[in-house]
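Here the structure is laid out as structure tokens; the discussion comes afterwards.
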Amino acid sequence: MQLAVVGSGYVGLVAGACFADLGHDVIVVDNDQKKLAALNRGEVPIHENFLPELLERHRGTRIRFSDDLQNAVRASKAIFVAVGTPPTHQGEADLSYVESVARGIAGAIDSYKVVVEKSTVPVYTSDWVRKIILRNGAEHGEFDVASNPEFLREGTAVTDFLYPDRIVIGADTGRCAAVLREIYAPLVEGSYYLRPDVIPRPDRAQIPPPLIATSAKSAELIKHASNAFLAMKISFINAVASICESVGANVQQVREGIGTDTRIGSRFLNPGIGYGGSCFPKDLMAFRSVARESGYDFRLLDEVMRINEDQRVRFIRKVRSALWTLRGKKLGVLGLAFKGGTDDIRESPSILLIKSLLQEGCQVCAYDPAAHERAKEELNASIDFAETPYEAARGADALLILTEWEEFAALDLRQLRSEMKYPIVIDGRNLYDPEIMAAAGYTYYSVGRPAASPEPLPSAKTPTVGKKTHS
Ligand code: UGA
């Protein structure tokens with residue numbers, strides 16, 4: 001099917017590349033000329049596994065890039081809107097880009113079109129998009145508006161798209177639902193998975209994925225409620241981790257004990273320095289506003305956000321209790337991206353923590369496998385950047401692990417120790433076993449687990465750290 005995808009950000013670009021891999025012809029529309037030129041030259045603007053392969057496979061044949069929305073709409077049966085919905089000052093989603101695309105689509109409708117919301121938008125957006133298209137000259141019956149939320153995670157976006165847990169199509173007419181079913185048929189009927197060049201199947205993938213057909217409003221709510229629930233799981237385990245620290249329990253053990261209950265599940269139950277990224281923080285605020293406007297005071301979400309912020313404050317306190325004073329301390333930092341596998345630093349807990357530590361007078365030397373360029377723009381020249389984790393640790397008073405990149409869990413501990421001024425590691429992502437770290441000569445602090453050290457630790461000022469687990 002001929003499709004248009006408007007917006008070439010994470011969601012739009014990945015969706016466009018994956019639709020092409022399913023056999024559709026895709027025009028990705030963007031008004032950023034620099035980005036279009038780069039995409040046409042074969043550059044890939046984001047760090048995302050398998051995306052370069054898919055773009056290489058389909059560029060110029062099944063996928064094209066253009067700034068001409070009108071032509072793309074005329075050529076396509078379905079138009080996916082994947083433009084940004086950034087937060088306003090009040091925390092609501094700013095839908096002005098969606099509105100402007102809707103106006104652009106209206107002027108080009110010359111036969112039946114399905115306009116599909118792919119960005120995360122508040123409930124009622126589909127109604128508004130319909131109204132805007134009608135106001136701008138299109139006729140009833142010439143188009144339908146659907147919601148087809150995307151659940152991909154950055155870093156694993158391509159496999160999440162092609163091997164989803166479910167596909168949600170929110171359509172209010174049978175005609176519209178039929179178009180969306182046809183688009184996803186290669187996944188839902190399983191033919192895509194039989195191809196020899198299929199993108200490799202990740203663990204746990206359910207093949208074929210179920211398709212859930214709902215109303216447009218329900219689909220809009222499914223997206224916000226899913227992200228809010230996942231963020232709530234993370235804040236829940238972070239709150240439990242704080243109690244573990246106070247009573248000397250181990251959150252990894254507690255997590256295993258909770259997560260093996262299949263009703264709860266262990267995924268998204270990893271404690272750390274709080275969630276970040278372009279989705280959870282923004283979507284929680286937006287969902288809070290949606291609830292308020294509908295007359296429901298969703299205070300649970302306030303608490304989820306409060307716990308998340310508190311988690312960073314607790315981490316700084318931990319650094320302080322490991323090092324005593326902070327002014328002039330040299331810190332190695334591993335990880336700048338908001339999570340492993342991506343170069344995205346939006347709302348990254350690591351960047352927020354680095355800014356606080358700089359304010360405290362620390363010096364920072366950081367390493368990240370993918371996010372240096374973006375971090376340089378954000379932090380200017382306020383920190384040094386290292387080429388390897390070992391270089392980041394060189395001469396450091398302590399090393400902080402702030403992003404869960406796989407390579408950070410497999411460091412040569414002997415080499416690392418030889419680089420550091422003091423062998424102190426403060427791990428915000430629980431990548432190491434405290435006993436192994438203590439045996440390797442480190443004083444090791446993590447989240448929700450007793451601190452470990454080869455020597456008895458001096459009694460700490462707060463009850464969060466200072467329990468000796470290994471000698
Ligand atoms: C999230 C959702 O997981 C996707 O399903 C959704 O499609 C996407 O938002 C979106 O709305 O576009 P993403 O923001 O890419 O995806 O990243 P996640 O893997 O969800 O991680 C978010 C944050 O939570 C990261 O900072 C991560 O480090 C943190 N996290 C995640 C934890 O602290 N603990 C966990 O157990 C899991």
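Order of appearance sets the numbers: ligands from 1, and atoms from 1 within every ligand.
- Counting heavy-atom neighbours within 6.0 Å of Y390 OH, excluding the residue itself, gives a total above 12.
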Where do K282 and T85 land on the side chain to side chain donor-acceptor pair (under 3.5 Å) test, with the steps shown first? CA-CA 9 Å; K282 162 175 88 81; T85 54; 3.1 Å; yes

Measure and list all N/O to N/O distances between ligand 1 and the protein that fall under 3.5 angstrom.
unit_1	atom_1	unit_2	atom_2	d
ligand 1	5 (O)	F151	O	2.8
ligand 1	7 (O)	E150	O	3.4
ligand 1	7 (O)	F151	O	3.2
ligand 1	7 (O)	L152	N	3.2
ligand 1	7 (O)	L152	O	2.7
ligand 1	7 (O)	K223	NZ	3.0
ligand 1	11 (O)	K223	NZ	2.8
ligand 1	11 (O)	N227	ND2	2.7
ligand 1	15 (O)	E154	N	2.7
ligand 1	17 (O)	K339	NZ	3.1
ligand 1	19 (O)	K339	NZ	2.7
ligand 1	26 (O)	G276	N	3.0
ligand 1	26 (O)	F338	O	2.8
ligand 1	28 (O)	E404	OE2	2.8
ligand 1	28 (O)	R429	NH1	2.8
ligand 1	34 (N)	N270	O	2.9
ligand 1	36 (O)	L269	N	3.4
ligand 1	36 (O)	N270	N	2.9
ligand 1	36 (O)	N270	ND2	3.4

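- Donor-acceptor pairing under 3.5 Å is lacking for the side chains of N270 and R429.
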Table please: side-chain donor-acceptor pairs of residues 200-212 below 3.5 Å, with sequence neighbours left out.
unit_1	atom_1	unit_2	atom_2	d
R201	NH2	A205	O	3.0

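- Within a 6.0 Å radius of CZ in R64, no more than 12 heavy atoms belonging to other residues, nucleotides or ligands are found.
- Looking at Y275 and N238, their side chains never bring a donor and an acceptor atom within 3.5 Å of each other.
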